Amino acid sequence: MLKIAIQAKGRLNEQSIELLAEAGIRVAESKRKLISRAEGFPLEVLYLRDDDIPQAVAMGVADLGIVGMNEVAEKGFPVEEVMRLGFGDCRISLAVPNTVDYPGLAFFNGKRVATSYPKILSRFFAEQGIQAEIHTIEGSVEIAPAVGMADAIFDIVSSGGTLISNGLVEVEKVFYSESVLIASPSLGDAARQEIGQLTFRFRSILESRGMKYVLMNLPKERLDEAIRILPGMRSPTVLPLAQEGWCSIHAVISEEQLWERIERLKAIGAEGILVLALENMIR
Ligand code: PRT
Ligand code: ZN
C-alpha cells in the first residue's frame, strides 16, 4: 500500500486533503494523528511538518509527498517531482526597506540578508556574482531589518501584504513555487502503477478546474460557424431537436473564454444557453 506524506497543519494541509477528497479518497483531518488509513484508495497518510516531507520521501519513509517546491529546492534531497498540483502558489523574493533607493542587484554586495531559504539564496547570489552575508533565521524573517539584524530579507511572498506592513519593498522575484507531488526515487513497478492511478485522478481534477459545460440551441444552418467558435475535447457534441431546423450543441469551455464565446454564439442565433459547472473531465 502506498504511503503519502502531507502537511499536518498549515497552509497546505487543507488543500492537500481537499485534492484527495476530490479524487475520491477520504482521509482523517490530522488533529494529533501521525498516520491514518485512507478510504477509497489503498493509501496510508502520514502527517508531517512540511520541512520534513522531502527527507521522508527521499528516505522511503513515505512513497509520496505533497509539499511546496520551495521546500524541495531548499532541502535538496533526491526526490522525483511527479506533478504540480496547482495550489500554494507563492514566490521567494528579495525585499529591502522602503527607504532604500534600490540600484539593482549590486545593492546586495556586502549586505546582510535574513532568510529561511539560505540554499536557494546562496545559489542565486553565486549565479549573479553577488557577495552577501546570508543569515539563516526561522520564522518572522520580515522583522529582521526593523530590529537591525539585516539590511534585506529573502522570504516567501504571496499577496505582498506582509512586506508592506513591515515597510519593505519586493525588489527581486527569485523563485516561483507551488505545491507538488513528489515521489521516492527507489520505487518498484507495482508502486509506480498505483501512483499512475492516483496521478490520473489528480490530472483529471486539475484539467476540469476553470472549465464550464455549455449547452445551447441553434438553427442548423449556423452549425458550421458555431463549431468554429466552440472548442471541445474533440469537437462539440451536436444533437437533433424535435423542432425542425434546430439542433442542440454541447461543449466544454474555459472560464476565461466563456463570455466572449457566448456573445459570438448569441450573435449567430444561439438560444437557451445553459452554463453548468464541470465536476470532472476524463480524457
Ligand atoms: O508547521 P510547518 O513547518 O508544517 O509549516 P510552516 O509554518 O513551515 O509552513 P506554512 O504552513 O506557513 O506554509 C507551507 C507552504 O505554503 C510554504 O512552504 C509555501 O510553499 C506555501 N505558501 C504559499 C506560503 C505562502 N503562500 C505564504 N504567503 N508559505 C508562507 N507564506 C507566508 C509568507 O512568508 C508571509 O510571511 O505568509 C505570509 C503572508 O504572505 P503575504 O505575502 O500574502 O502577506
Ligand atoms: Zn515548515
Side-chain angles (χ1 to χ4, degrees), residues 3-20 27-36 45-59 61-62 64-77 79 81-98 113-121 123-124 134-147 149-150 152-183 202 206 209:
K3 267 195 201 133
I4 188 167
I6 65 171
Q7 193 189 24
K9 57 180 168 52
R11 281 195 169 74
L12 304 180
N13 165 269
E14 244 174 59
Q15 279 168 297
S16 305
I17 291 176
E18 242 172 61
L19 178 66
L20 290 167
V27 311
E29 284 170 36
S30 64
K31 308 259 161 43
R32 273 186 252 116
K33 276 210 168 103
L34 177 64
I35 190 159
S36 83
V45 184
L46 227 62
Y47 300 91
L48 300 178
R49 283 199 58 188
D50 69 344
D51 312 58
D52 298 330
I53 292 176
Q55 186 174 15
V57 172
M59 288 170 61
V61 173
L64 292 169
I66 295 179
V67 69
M69 288 159 70
N70 53 315
E71 288 300 327
V72 178
E74 179 62 27
K75 297 296 185 300
F77 288 106
V79 295
E81 251 185 56
V82 182
M83 65 181 285
R84 298 189 179 189
L85 298 174
F87 62 89
D89 293 30
C90 58
R91 54 197 186 266
I92 317 183
S93 298
L94 282 159
V96 301
N98 57 20
V113 186
T115 186
S116 310
Y117 295 93
K119 277 201 194 149
I120 296 175
L121 182 58
R123 226 175 289 147
F124 175 71
I134 297 175
H135 291 262
T136 305
I137 55 177
E138 299 295 334
S140 304
V141 171
E142 65 277 3
I143 63 162
V147 299
M149 275 174 69
I153 67 164
F154 179 63
D155 199 12
I156 293 187
V157 181
S158 72
S159 68
T162 303
L163 292 183
I164 291 171
S165 58
N166 285 282
L168 299 165
V169 185
E170 182 177 21
V171 290
E172 306 284 345
K173 297 171 185 169
V174 174
F175 185 93
Y176 287 87
S177 176
E178 67 181 274
S179 56
V180 276
L181 181 71
I182 54 171
F202 289 168
L206 297 191
R209 287 210 181 131

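Each ligand, and each atom within it, is numbered from 1 in the order the structure gives. Fair warning: this is a prediction, and the values are worked out from it, not measured in the lab.
Protein heavy atoms all stay at least 4.0 Å away from atom 7 (O) of ligand 1.
Annotation: atom 9 (O) of ligand 1 to nearest protein heavy atom, D50 OD2, 3.5 Å. Scanning the protein heavy atoms around atom 40 (O) of ligand 1, the nearest turns out to be T162 OG1, 3.6 Å.
The residue from G10, G88, S158 that puts a heavy atom closest to atom 28 (N) of ligand 1 is S158.
Taking the Zn ion (ligand 2) as reference, the nearest N/O/S atom within D50 carries the name OD1. The N, O or S atom of D51 lying closest to the Zn ion (ligand 2) is OD1.
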Test side-chain contact (heavy atoms from CB on, under 4.5 Å) applied to E74 and I92, step by step: CA-CA 11 Å; E74 179 62 27; I92 317 183; over 6 Å; no

Stepwise side-chain contact (heavy atoms from CB on, under 4.5 Å) check, F175 with N70: CA-CA 8 Å; F175 185 93; N70 53 315; 4.2 Å; yes

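When distances to the Zn ion (ligand 2) are checked against a cut-off of 2.8 Å, E71 contributes no N, O or S atom below that limit.
The shortest N or O to N or O distance between I156 and ligand 1 is below 3.5 Å. The N/O atoms of E142, backbone and side chain alike, include none that comes under 3.5 Å of an N/O atom in ligand 1.
Only the side chain of N70 comes within contact range of ligand 1, with a heavy atom under 4.0 Å; no backbone atom does. Contacts between K9 and ligand 1, counted as non-hydrogen atom pairs separated by less than 4.0 Å, involve the backbone only. Within the 4.0 Å heavy-atom criterion, the part of Q7 lying near ligand 1 is the side chain and not the backbone. Only the side chain of L12 comes within 4.0 Å of ligand 1, counting heavy atoms alone; its backbone N, CA, C and O stay farther away. Contacts of N13 with ligand 1, taken as heavy-atom pairs under 4.0 Å, are absent altogether.
Counting only distance, with no hydrogens or angles, the side chain of Q7 and the backbone of L12 share a donor-acceptor pair below 3.5 Å. Side-chain N or O atoms of T115 include none that pairs as donor or acceptor with a backbone N or O of I153 at under 3.5 Å.
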